[in-house]
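Here the structure comes first, spelled out in structure tokens, and everything after it is commentary.
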Amino acid sequence: MTTPSITLYATRPGFGMPETSPFVIKTEVQLKMAGLDYVRNSTTPPQAPKGKVPYMVDDGEVVCDSTFIRAHIERKYGVDLDEGLDTRQRAESWAIERMLEDHLYFAMVWFRWIVPENFAKGPANFANGAPEEEREQLRRDMQARKDGDMRSHGIGRHSAGEIAALGVRSIDAIAALLGDKPYIMGDRLTAVDATAFGVLASILTPFFDTPLRDAVAGRPHLVAYVNKLMRQYYPEHAWEPLRHVEVA
């Protein structure tokens, strides 16, 4: 049996998700969409070449960032994850991706890292591997750095209510764009669905209690969309997104 040339450096299952990073989910789904074999290695952002995951090594070539990974696999392996889309649709797809990754994702991260209850049950556990006497300081440092990142982005300068309002506006936008279609751009799965799935599933996980989760859970067609893609790409994952949420 031939060993795949691609090694994907990813995070680990956690927070009720098959991966803690929506960007890893995006890349893994796109690799599957392209029909490419790969092996996975778990890593942490500080160990990655650009300080973030995912990254991949393909026949010795290191490719960082989910967007550049997609460009690499399309170029090297002759696939088009947006096959069937015209020029305008490709532009719209890129704009949707940027809304998801550069706006909605950061609202999700703020509620995950800055809200004390969510931080304590989630990201704080990243420090569990450190010596016990160092863990609390490490957790304070981690949260402080993330707070600085959020403020540098801009979203962290707002109140929790304002961040929720901004995030819900993006959720409403993606809900309107999906409408009654099976996929974001129409009847066919395209690259932007991998991004939307990663971000929306990460919001919908029952592990964290956030107003963004309430917003996604309150839009049944978004829930159905996430559930469909979870079954398709992570059938082994026990997924119960609405275990603690009632949807009217």
With no hydrogens and no angle check, do the side chains of Y38 and D58 hold a donor and an acceptor under 3.5 Å apart? no

Looking only at side-chain N and O atoms, does T7 offer a donor or acceptor that is under 3.5 Å from a partner on N41? no

Do T27 and Q30 pass the side-chain hydrogen bond (donor to acceptor under 3.5 Å, both in side chains) test, and can you show the C-alpha distance, the side-chain angles, and the key distance before you say yes or no? CA-CA 5 Å; T27 290; Q30 290 180 347; 5.2 Å; no

More than 12 foreign heavy atoms under 6.0 Å from [atom1] of [X]: is that the case here?
X	atom1	answer
Y77	OH	yes
D102	CG	yes
E132	CD	no
D59	CG	yes
K146	NZ	yes
R169	CZ	no

Quick one: [atom1] on [X] to [atom2] on [Y], what's the gap to the nearest 0.5 Å?
X	Y	atom1	atom2	value
E97	T195	CD	OG1	3.5 Å
I69	L8	CD1	CG	6.5 Å
L85	S93	CG	OG	6.5 Å

Quick one: does NZ or CZ of K228 land under 6.0 Å from the six-membered ring centre of Y183, within 45 degrees of the ring axis?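 Positive - K228 is close enough to the ring of Y183 and near enough to its axis.
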
Any cation-pi pair here, K121 with F207, using under 6.0 Å and within 45°?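 Positive - K121 is close enough to the ring of F207 and near enough to its axis.
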
Looking at [X] and [Y], does any basic side-chain N land under 4.0 Å from a carboxylate oxygen?
X	Y	value
K50	D65	no
D37	K32	no
D80	R90	yes
E61	K76	no

Considering only Ile, Leu, Val, Met, Phe, Trp and Tyr, and joining two whenever side-chain heavy atoms are under 4.5 Å apart, list the other residues clustered with V53.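 Its cluster partners, ordered by chain and number, are V24.
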
Is the backbone N or O of [Y] less than 3.5 Å from a side-chain atom of [X], with the two atoms forming a donor-acceptor pair by type?
X	Y	value
Q143	F119	no
R70	K26	no
Q89	M185	no

Would you kindly confirm whether V79 and V192 end up in one hydrophobic cluster when ILVMFWY residues are joined by side chain heavy atoms under 4.5 Å apart? no

Is Y9 linked to V39 within one hydrophobic cluster, defined over Ile, Leu, Val, Met, Phe, Trp and Tyr using a side-chain heavy-atom separation of less than 4.5 Å?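 They do not share one cluster, since no chain of ILVMFWY contacts under 4.5 Å joins Y9 to V39.
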
Name the orientation class of the two ring planes belonging to F106 and H153 (parallel below 30°, tilted from 30 to 60°, perpendicular beyond 60°). parallel

Please lay out, stage by stage, how N125 and R139 fare under the test side-chain hydrogen bond (donor to acceptor under 3.5 Å, both in side chains). CA-CA 8 Å; N125 291 293; R139 287 169 181 144; 5.1 Å; no

Please determine whether side-chain hydrogen bond (donor to acceptor under 3.5 Å, both in side chains) holds for the pair S21 and T11, giving the CA-CA distance in whole Å, both sets of side-chain angles, and the decisive distance to 0.1 Å. CA-CA 7 Å; S21 166; T11 56; 5.4 Å; no

Residues forming a side-chain contact (heavy atoms from CB on, under 4.5 Å) with V115, sequence neighbours excluded: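 V115 satisfies side-chain contact (heavy atoms from CB on, under 4.5 Å) with W110, F111, E117, N118 only.
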
Tell me if the centroids of the rings in F23 and Y105 come within less than 6.0 Å of each other.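 Under 6.0 Å, so yes.
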
The criterion is salt bridge (Lys or Arg N to Asp or Glu O under 4.0 Å); which residues satisfy it with R145, sequence neighbours excluded? none

